[in-house]
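First the structure, in the form of structure tokens, and then the observations on it.
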Amino acid sequence: QLQLVESGGDLVQPGGSLRLSCAASGIRLDYYAIGWFRQAPGKEREGVACISPTDTLDTKTFYTDSVKGRFTIFRDNAETTVYLQMNSLTPEDTAVYFCAGGSPLMLRSGGYFLPSEYDYWGQGIRVTVSS
């Protein structure tokens, strides 16, 4: 069973950067689509970014509109960690961030930002953007 652990959350000033990590416990992430979600107080969980498995011909990445050009999702070469590089952070990015793993089949139907498409979840980590 895939177990995911997030790290890297912190308090950062507006305009700053953070890199979140999603580490797999004891298993490679090659065959999973990995997504990053976030949930702000009083709001629904929102899909932020997704990366396709590495066994596809081309690695595909997907971003929600509000983070395009600011966030980057990528994998390490050992295929045990997926990162979310977050730049130009704003207070609206404040949330608990979760990484999740699921079947790559979701990518065909465009469900990469639907929490129900993911089978494995980390415990979440807090990101606070405030001056």
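The basis for the numbers below is simple: all heavy atoms, side chains too, and nothing from hydrogens, waters or symmetry mates. Keep in mind that what you see is a predicted model, and the values were worked out from it rather than measured. Position 1 is the first residue of the sequence; numbering continues from there.
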Would you find a donor on one side and an acceptor on the other, under 3.5 Å apart, between the side chain of Glu6 and the backbone of Gly124? yes
Partner set under side chain to side chain contact (heavy atoms under 4.5 Å, CB included) for Asn87, not counting sequence neighbours: Ser17, Gln85
Rounded distance [0.5 Å steps], CZ in Arg19 versus CE in Met86: 11.0 Å
Under a single-linkage definition using a 4.5 Å side-chain heavy-atom cutoff for Ile, Leu, Val, Met, Phe, Trp and Tyr, are Leu2 and Leu114 assigned to the same hydrophobic cluster? no
Is it the case that more than 12 heavy atoms not belonging to Gln3 sit under 6.0 Å from its CD atom? no
Among residues at least two apart in sequence or on other chains, which ones pass ring pair (Phe, Tyr, Trp, His ring centres under 6.0 Å) with Tyr83? Phe74
Side chain to side chain contact (heavy atoms under 4.5 Å, CB included) filter on Lys68, not counting sequence neighbours, yields Tyr63, Asp65
To check you understand the geometry: which heavy-atom pair defines the closest contact between Val67 and Val48, and what is its length? CG2-O, 3.7 Å
Same cluster (ILVMFWY, side-chain, under 4.5 Å), Trp36 and Val12: yes
Who pairs with Asp119 by side-chain hydrogen bond (donor to acceptor under 3.5 Å, both in side chains), at least two apart in sequence or on another chain? none
Disulfide (SG to SG under 2.5 Å) partners of Cys50, counting only residues at least two apart: none
Quick check: do Leu18 and Phe71 have side-chain heavy atoms less than 4.5 Å from each other? no
Residues joined to Val5 in its hydrophobic cluster, side chain to side chain under 4.5 Å directly or through other members, sorted by chain and number, are none
All N/O donor-acceptor pairs, side-chain side in residues 92-110, below 3.5 Å, sequence neighbours left out:
unit_1: Glu92; atom_1: OE1; unit_2: Thr90; atom_2: OG1; d: 3.1
unit_1: Asp93; atom_1: OD1; unit_2: Arg38; atom_2: NH1; d: 2.9
unit_1: Asp93; atom_1: OD1; unit_2: Arg70; atom_2: NH2; d: 3.0
unit_1: Asp93; atom_1: OD2; unit_2: Arg70; atom_2: NH1; d: 2.8
unit_1: Asp93; atom_1: OD2; unit_2: Arg70; atom_2: NH2; d: 3.4
unit_1: Asp93; atom_1: OD2; unit_2: Thr90; atom_2: N; d: 2.9
unit_1: Asp93; atom_1: OD2; unit_2: Thr90; atom_2: OG1; d: 3.4
unit_1: Thr94; atom_1: OG1; unit_2: Pro91; atom_2: O; d: 3.0
unit_1: Thr94; atom_1: OG1; unit_2: Val129; atom_2: N; d: 2.9
unit_1: Thr94; atom_1: OG1; unit_2: Val129; atom_2: O; d: 3.4
unit_1: Tyr97; atom_1: OH; unit_2: Arg38; atom_2: NH1; d: 3.0
unit_1: Tyr97; atom_1: OH; unit_2: Asp93; atom_2: O; d: 2.6
unit_1: Ser103; atom_1: OG; unit_2: Leu105; atom_2: N; d: 3.1
unit_1: Ser109; atom_1: OG; unit_2: Met106; atom_2: O; d: 3.1

Can you find a pair of side-chain heavy atoms, one from Leu4 and one from Leu29, that are under 4.5 Å apart? yes
